[in-house]
Amino acid sequence: MRALAVPPERQIAPLLDAYRRTLAERRRTTALFGALLLVAIGLSWVGAEVRPDVFWQKLGNFSSYFGRLTQLDTGARVWTDPVYWFWGLRRWSLQLLQTVLIAYVATTTGAVLGLVGGILASRNLTRSGPLRFFVRRVLEFNRTVPDIVFALLFVYAGFGLGPLPGVLAITLHTSGALGKLFAEVIENIESKPVEGVGATGGTWFAQIRFGVLPQVVSNLASYTLLRFEVNVRGAAVIGIVGAGGIGQELIVAIRNFYYSDVSAILLMLIVCVMLIDAGSEWLRHRLLALDGRR
Amino acid sequence: MSGIRDQFIGRRAAMEARHGALLAGRSEGRVMTLALIGGALAVYVGGLVALDISPLRIWHGLGQLGGIVLLMFPPTSGGHFLLYLGALGQTLSIALLGTLLAAILALPFGFLAARNVMANRLLHLLTRRGLDTVRSIDTLIWALIWIDVVGLGPFAGLLALASSDFGALAKLTSEAVETADRRPIEGVLASGGGRLLAIRFGIVPQILPVYASQLLYFFESNTRSATIIGIVGAGGIGLHLYEQIRVLEWGQASFLILMVLVTVAAIDAVSQRLRAAIMGRPR
């Protein structure tokens with residue numbers, strides 16, 4: 001083996017120096033961030049009333065909670081008597097179906113509103129600056145306010161209990177979330193097909209229909225499916241404020257300590273969410289494959 | 001120009017004979033698409049009927065809602081500004097600590113759920129399914145469960161955020177680990193490092209920036225979640241919002257919503273800056 005050629009000391013020194021300085025600077029930045037984070041954690045520790053002692057004391061509760069979840073009120077374990085465990089199967093299935101329907105109707109309506117909003121908010125399709133600005137702010141508002149807050153407002157302000165306020169709340173939130181994504185997709189399209197349709201005398205609608213939509217439709221569908229997955233989870237909890245779906249049943253069971261009901265409903269909910277996730281993933285892959293073939 | 005047109009018109013009969021289905025818009029794909037859209041519409045209409053949604057009800061509700069939106073102006077703190085500010089601070093505390101707790105717990109489990117680190121197929125699968133289960137339970141439901149365990153208050157909210165994020169973060173981590181470049185790992189192994197060293201110097205430097213930027217996203221989303229868990233009694237500003245809506249104090253409700261919006265916007269801006277700094281830093 002040949003010995004490495006070592007440059008003389010005076011050549012190395014400045015390089016080493018520069019290296020050390022860069023490293024020191026980076027360490028300083030990291031230390032500064034670390035210190036800031038520590039201060040924030042300290043403040044939050046007080047703010048969130050963290051009590052590790054309570055946590056350790058009550059941790060037994062947590063494990064025994066799962067013990068109680070798997071116990072029927074006869075004292076037997078739930079899996080020994082599934083029929084008794086799922087005594088409300090019919091009723092819960094119907095509510096689960098309602099939950100999925102709420103998510104479906106809200107996602108569809110929200111996607112249509114989001115498409116309109118996305119078109120109006122995208123720089124390449126909407127010339128008017130003030131209109132774009134206005135639509136963007138509306139979409140921003142819709143997606144920043146959580147759907148459950150909308151649901152709360154609608155339940156207490158005008159629509160009353162039931163699935164209607166839930167559908168409206170999720171629709172509104174979805175239109176904001178999807179509108180932003182759609183606008184981004186639309187701003188990234190190829191402008192030539194749109195100009196082509198325009199050049200042959202196509203109207204604005206014809207340009208959108210034949211120039212824009214074919215380019216974005218698979219992307220939009222894929223985002224919408226993803227949103228549907230999110231919305232099923234959302235629809236499952238808006239019942240907590242009285243806006244329909246299985247959440248109402250769940251909160252009643254939790255608040256009244258009907259442990260075996262809680263576990264049965266949760267189990268059904270988890271299975272349902274997983275099935276929908278799997279189905280939507282399959283559909284999305286099909287869509288992508290379709291896109292690749294074109 | 002007219003040459004092409006004439007040619008086409010001249011050969012029209014032959015074209016129609018050969019591509020009749022396409023010209024009439026009856027290709028198989030098109031029929032499928034139409035059937036799909038028709039089915040989706042049918043479910044939609046069925047849903048509207050089943051959920052008892054009618055234009056009339058929406059119209060009535062909107063009328064009342066309009067009146068209440070007018071009552072929301074002007075937004076007023078009703079003299080409770082400091083109280084609300086404290087609750088907002090609590091919300092942020094819950095979001096920060098919840099995210100960090102989830103981050104600390106998710107890292108090891110992310111490695112366990114990664115196929116290229118975890119050779120044991122069964123353990124990998126079990127971890128994955130377990131994480132999926134944790135992830136599919138909503139934050140609000142976790143909050144209800146933790147309230148039963150540690151009692152009402154922000155601590156339960158913190159644990160709830162950490163629980164639901166833990167599943168999602170661990171899944172993301174495992175994906176980042178699985179897509180990590182193999183070469184640094186092989187480099188460490190080739191120079192005589194063990195498996196642990198390969199993880200530390202081969203994988204961790206690759207996923208750390210991704211992880212940090214994901215954490216910032218989660219912090220943003222947790223700020224939103226932390227504003228609502230108060231609805232079930234798990235601390236933060238949501239409790240006040242719920243109370244003010246329930247007693248129909250619309251001015252204060254809109255004030256609280258405005259506070260949340262401003263905070264969320266501020267957090268988003270800060271975290272965007274931070275993310276750019278992390279991703280842009282040379283490594």
Side-chain angles (χ1 to χ4, degrees), chain A residues 26 29 37 40-41 43-51 54-55 58-59 61-62 65 97-98 101-102 104-105 108-109 140-141 144-146 148-149 152-154 156-160 162-165 167-168 233-234 236-237 240-241 244 247 250-251 254-255 257 262 266 269-270 273-274 277, chain B residues 40 43-44 46-48 50-53 57-58 60-65 67-69 89-90 92-94 96-97 100 132-133 136-138 140-141 144-146 148-151 153-155 157-159 224-225 227-228 231-232 235 238 241-242 245-246 248 250 253 257 260-261 264-265 281:
Chain A
R26 198 194 284 177
T29 327
L37 189 64
I41 290 176
L43 283 176
S44 308
W45 193 273
V46 181
E49 298 168 26
V50 178
R51 290 161 303 178
V54 176
F55 181 70
K58 301 281 180 76
L59 198 62
N61 276 5
F62 190 63
Y65 189 79
L97 183 70
Q98 192 187 48
L101 274 182
I102 290 176
Y104 179 81
V105 171
T108 321
T109 323
E140 206 168 77
F141 176 79
T144 311
V145 178
I148 201 156
V149 172
L152 201 58
L153 278 177
F154 292 157
Y156 283 89
F159 292 98
L164 177 60
V167 169
L168 290 178
R233 293 174 166 82
V237 293
I240 290 177
V241 297
L250 185 63
I251 194 172
I254 291 182
R255 285 270 154 88
F257 307 109
V262 173
L266 274 183
L269 189 61
I270 290 169
V273 165
M274 278 183 178
D277 282 9
Chain B
V43 176
Y44 186 78
L48 287 184
L51 298 176
D52 193 19
I53 295 173
R57 281 192 64 196
I58 295 182
H60 270 294
L62 279 182
Q64 290 198 32
L65 189 66
I68 280 165
V69 167
Q90 196 173 57
L92 286 180
S93 308
I94 294 171
L96 179 68
L97 290 183
L100 286 177
D132 279 348
T133 313
S136 55
I137 298 178
D138 194 88
L140 273 176
I141 299 176
L144 286 169
I145 293 177
W146 280 113
D148 269 2
V149 177
V150 297
F155 191 39
L158 184 170
L159 292 170
R224 288 154 214 242
S225 308
T227 57
I228 56 171
I231 291 174
V232 295
L241 184 58
Y242 192 28
I245 291 179
R246 273 208 300 199
L248 311 181
W250 298 109
I257 292 177
V260 169
L261 290 185
V264 167
R281 214 151 93 193

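Keep in mind that what you see is a predicted model, and the values were worked out from it rather than measured. In what follows, chains are A, B, ... by sequence order, proteins preceding strands, each numbered from 1.
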Undergrad: Go through the atoms of B:L51 and report whether side chain, backbone, both or neither lie under 4.5 Å from a heavy atom of chain A.
TA: both

Undergrad: Is it the backbone or the side chain of B:I94 that comes under 4.5 Å from a heavy atom of chain A, or both, or neither?
TA: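 Backbone plus side chain of B:I94, per the 4.5 Å heavy-atom cut-off to chain A.
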
Undergrad: Out of A:L250, A:L168, A:I270, return the one with the most heavy atom pairs under 4.5 angstrom to chain B.
TA: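 Top option by heavy-atom pairs under 4.5 Å: A:I270.
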
Undergrad: Considering all heavy atoms of both residues, which atom of A:P165 and which atom of A:G160 are nearest to each other, and what is their separation?
TA: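 Looking at all heavy atoms of both residues, the closest pair is CG-O, 3.1 Å.
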
Undergrad: With respect to chain A, which residue among B:L248, B:I68, B:V150, B:I245 yields the maximal number of heavy-atom pairs within a distance under 4.5 Å?
TA: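 Heavy-atom pair counts peak at B:I245.
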
Undergrad: Checking B:I58 now: which residues fulfil side chain to side chain contact (heavy atoms under 4.5 Å, CB included) with it, not counting sequence neighbours?
TA: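 If we apply the side chain to side chain contact (heavy atoms under 4.5 Å, CB included) test to B:I58, skipping adjacent residues, the hits are A:L164, B:I53, B:L62.
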
Undergrad: Roughly how far, to the nearest 0.5 Å, is the CZ atom of B:R224 from the CG atom of B:L261?
TA: 9.5 Å

Undergrad: Suppose we screen for side chain to side chain contact (heavy atoms under 4.5 Å, CB included). Which residues come up paired with B:Y44, at least two apart in sequence or across chains?
TA: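 A:Y104, A:V105, A:T108, A:T109, B:L48.
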
Undergrad: Under 4.5 Å, counting heavy-atom pairs only, tell me which of A:V145, A:L43, A:L266, A:L153 racks up the most with chain B.
TA: A:L153

Undergrad: What is the minimum heavy-atom distance between A:L101 and B:G47, and which atoms define it?
TA: CD2-CA, 3.9 Å

Undergrad: From B:L140 CG over to A:I251 CD1, what is the distance, rounded to the nearest 0.5 angstrom?
TA: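 Nearest 0.5 Å value for the CG-CD1 distance: 8.5 Å.
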
Undergrad: Atom CD1 of B:I228 and atom CD1 of A:I240: how far apart are they, to the nearest 0.5 Å?
TA: 9.0 Å

Undergrad: I'd like to verify something: which residue of B:L96, B:I231, B:D148 has the highest number of heavy-atom pairs under 4.5 Å with chain A?
TA: B:D148

Undergrad: Considering all heavy atoms of both residues, which atom of A:Q98 and which atom of A:G244 are nearest to each other, and what is their separation?
TA: OE1-C, 4.1 Å

Undergrad: Name the region of A:V46, side chain, backbone, both or neither, that has any atom closer than 4.5 Å to a heavy atom of chain B.
TA: neither

Undergrad: Any side-chain heavy atom of A:D277 within less than 4.5 Å of one from A:R233?
TA: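 Yes; the side chains approach each other to less than 4.5 Å.
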
Undergrad: In terms of heavy-atom proximity below 4.5 Å to chain A, should B:I257 be classed as side chain, backbone, both, or neither?
TA: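 The side chain, not the backbone.
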
Undergrad: What part of B:V69 gets closer than 4.5 Å to chain A, counting heavy atoms only: side chain, backbone, both or neither?
TA: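 Interface part for B:V69: neither.
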
Undergrad: Would you name the heavy atoms of A:M274 and B:D132 that are closest together and state the gap between them?
TA: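 It is CE-CB, 3.5 Å.
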
Undergrad: State, with a plain yes or no, whether a side-chain heavy atom of A:V262 is found less than 4.5 Å away from one of B:L144.
TA: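 No, every pair of side-chain atoms sits at 4.5 Å or beyond.
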
Undergrad: Chain B heavy atoms under 4.5 Å from A:V167: which part of the residue, side chain, backbone, both or neither?
TA: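 Side chain only.
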
Undergrad: Which bit of B:L159 comes within less than 4.5 Å of chain A, counting heavy atoms only: side chain, backbone, both or neither?
TA: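 The side chain, not the backbone.
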
Undergrad: At a heavy-atom separation under 4.5 Å, does B:L158 approach chain A through its side chain, its backbone, both, or neither?
TA: side chain

Undergrad: With a 4.5 Å heavy-atom cut-off, do A:R255 and B:V232 have their side chains touching?
TA: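 Contact flag for A:R255/B:V232 side chains = yes.
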
Undergrad: Under 4.5 Å from any heavy atom of chain A, what part of B:V260 do you find: side chain, backbone, both or neither?
TA: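 Answer is neither: B:V260 stays 4.5 Å or more from chain A.
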
Undergrad: Based on non-hydrogen pairs under 4.5 Å, which of A:L152, A:V273, A:I102 is most in contact with chain B?
TA: A:L152

Undergrad: Is it the backbone or the side chain of B:S225 that comes under 4.5 Å from a heavy atom of chain A, or both, or neither?
TA: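 It is neither, since no heavy atom gets under 4.5 Å.
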
Undergrad: Determine the option with the most heavy-atom pairs under 4.5 angstrom with chain A, choosing from B:G151, B:G63, B:A40, B:A50.
TA: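 Highest number of pairs under 4.5 Å: B:A40.
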
Undergrad: With chain A as the partner, which of B:S93, B:S136, B:G238 has the greatest number of non-hydrogen pairs under 4.5 Å?
TA: B:S93

Undergrad: Just so I understand: if I count every heavy-atom pair under 4.5 Å between each of A:A157, A:P146, A:A40 and chain B, which residue has the most?
TA: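 Result: the option with the highest number of such pairs is A:A157.
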
Undergrad: Taking side chain as everything from C-beta outward and backbone as N, CA, C, O, which of these in B:A253 sits under 4.5 Å from a heavy atom of chain A? Side chain, backbone, both or neither.
TA: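 Looking at B:A253, nothing touches chain A.
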
